[in-house]
Amino acid sequence: MIPLSVPQLAGNEWKYVKDCLDTGWISSAGSYVSQFEQLVADYAGVKYGVACMNGTVGLHIAQILSGVTSEDHVIAPNITFIATLNAIKYTGASPILIDVDPQNWQMDLELLESFLQENVVFKEVEGKIYSFNKETNKRIKAIMPVHVLGNIGDMEQLQEIATSYHIDIIEDSTEALGSLYKGKHAGSFGKFGVFSFNGNKIISTGGGGVIVTNDEALAQKAKHLTTQAKVSTMEYLHDEVGYNYRLVNVLAAIGVAQMEQFPILLENKKRMDSYYRSELSGIGDIEFQMVLPCVEANCWLFTFKTKYMRLLLDYLNLNDIQSRPFWVPMNQLEMFEDDIYVTKSNNSLEIYNTSISIPSSAGITKAEMARVVQTIKTFYSRIYITKK
Ligand SMILES: Cc1ncc(COP(=O)(O)O)c(C=O)c1O
């Protein structure tokens with residue numbers, strides 16, 4: 001089986017984990033945690049990094065620290081992995097789902113802007129201006145762009161919209177470590193960015209995340225909240241309800257080793273992407289995800305559209321090529337059925353109905369990619385012959 005996306009553990013992972021085991025530093029204290037935080041923050045061009053258990057909890061903490069409450073709305077794209085929406089629901093806030101652009105599959109910013117123009121009224125609360133949804137009378141506190149598949153939408157446009165409507169940006173950059181928009185890293189555009197290091201990401205700690213921010217006070221608060229809000233090193237004194245969301249040293253040790261290899265893994269992903277694009281271009285009815293010219297994506301998971309998606313999915317999996325459909329759009333999941341979904345032509349559904357992800361591990365070999373491509377070509381030659 002050629003797997004969809006598996007970690008590449010070819011560096012110092014064993015050595016650093018052994019170091020944790022040999023020294024007994026396997027748990028929440030230990031030098032690998034701070035090293036990993038710094039490596040990720042430095043890489044993303046952001047001042048501070050706070051390690052946490054996974055990306056989902058990172059998104060939860062980022063919202064709490066942006067002041068999101070159960071009285072608020074948080075805006076998110078309708079196409080994302082469920083964790084984005086779960087993290088919003090943990091705060092009690094109500095999501096506003098925005099349909100995605102049919103070309104690059106990121107949040108549709110024209111649609112977002114027209115929704116805000118028509119539905120927002122500004123109100124002053126404790127000396128600050130906020131956007132309120134006229135219909136629900138809830139404040140729109142944050143917007144969570146998701147860099148879907150490591151691609152990035154127009155961040156300057158998003159920043160302009162967010163600034164005009166006094167909405168905080170929390171980037172769900174979980175899939176986008178290494179992706180650039182006009183030379184600036186994913187994760188560095190908002191109040192917070194959050195990265196994930198679960199098993200299928202470009203680098204992995206098994207499970208893990210890092211919250212990044214340029215604000216020192218917020219970084220300190222994030223550390224505080226993710227570590228049970230303890231105020232004294234000696235006394236068991238806590239000043240608020242905190243969370244045990246910390247990343248343990250043994251996983252951070254894997255993270256440090258993975259970060260050392262990150263430039264190579266990123267290069268491999270890019271090579272994989274350009275190979276697939278050149279070999280699959282013009283095959284059957286395949287359509288690729290559009291990437292803006294000012295974006296350099298990390299090419300996390302190769303996904304394309306075809307109206308034969310279901311047939312191709314079965315065909316590839318039967319041929320031991322692990323492939324997956326795209327995420328079911330959030331508005332179709334029963335937990336979010338009653339939430340606001342802003343759309344004109346439901347591009348999310350069309351993308352879901354037609355998109356398929358194919359093997360994209362950073363360690364995929366040329367021979368494996370050639371087999372994937374050949375199998376897809378054979379599939380289409382049969383489909384088109386059958387059609388005639
Ligand atoms: C878009 C998106 N958001 C959030 C997450 C959550 O990250 P984690 O699995 O580390 O909790 C993921 C990854 O799984 C993701 O792909």
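Indexing begins at 1, ligand by ligand and atom by atom, following the structure's order.
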Per-atom filter on ligand 1: closer than 4.0 angstrom to a heavy atom of T80 are 1 (C)
For V146, the ligand 1 atoms with a heavy-atom partner under 4.0 Å come out as 1 (C)
If you scan protein heavy atoms around atom 16 (O) of ligand 1, the nearest is E175 OE2, 2.5 Å
Ligand 1 atoms nearer than 4.0 angstrom to some heavy atom of K201 are 12 (C), 13 (C), 14 (O), 16 (O)
If you scan protein heavy atoms around atom 2 (C) of ligand 1, the nearest is T174 OG1, 3.0 Å
the protein heavy atom lying closest to atom 9 (O) of ligand 1 turns out to be N198 ND2, 3.1 Å
- Task: Flag the pair D215 and K221 as a salt bridge only when some basic side-chain nitrogen lies within less than 4.0 angstrom of an acidic carboxylate oxygen.
- Result: no
**Request:** In sequence, state the C-alpha distance, the side-chain angles, and the governing distance for R371 and D320, and then conclude on salt bridge (charged side-chain N to carboxylate O under 4.0 Å, His left out).
**Result:** CA-CA 10 Å; R371 189 160 92 75; D320 282 338; 5.4 Å; no
Linking I/L/V/M/F/W/Y whenever any side-chain heavy atoms sit under 4.5 Å apart, do L251 and L21 land together?
-> yes
Donor + acceptor pair across side chains of N317, S323 (<3.5 Å): no
Exactly one candidate in K201, E13, Q8 meets side-chain hydrogen bond (donor to acceptor under 3.5 Å, both in side chains) with Q258; the answer is E13
Does any N or O atom in F81 lie less than 3.5 angstrom from one in ligand 1, N or O only?
-> no
One finds that the ligand 1 atoms under 4.0 Å from a non-hydrogen atom of A83 are 4 (C), 5 (C), 6 (C)
Quick note on ligand 1: atoms under 4.0 Å from a heavy atom of T84 include exactly 3 (N)
In ligand 1, the atoms that come under 4.0 Å of a heavy atom of T56 are 6 (C), 7 (O), 8 (P), 11 (O)
Checklist entry - Is there a side-chain hydrogen bond (donor to acceptor under 3.5 Å, both in side chains) between D239 and H224 once you walk through the steps? => result CA-CA 10 Å; D239 62 355; H224 186 61; 2.6 Å; yes
Honestly, is K230 close enough over Y236, meaning NZ or CZ under 6.0 Å from the six-membered ring centre and within 45° of the axis?
yes
*asked:* Counting the benzene-type ring for Trp, do Y308 and Y315 have ring centres under 6.0 Å apart?
replied: no
With respect to W300, determine whether any N or O atom, backbone or side chain, lies less than 3.5 Å from an N or O atom of ligand 1.
no
Quiz item: Do Y243 and H60 pass the ring pair (Phe, Tyr, Trp, His ring centres under 6.0 Å) test, and can you show the C-alpha distance, the side-chain angles, and the key distance before you say yes or no?
Solution: CA-CA 10 Å; Y243 300 84; H60 183 202; 5.2 Å; yes
protein heavy-atom neighbour closest to atom 3 (N) of ligand 1 works out as D172 OD2, 2.8 Å
Logged contact type for N54 with ligand 1, heavy-atom cut-off 4.0 Å, is both
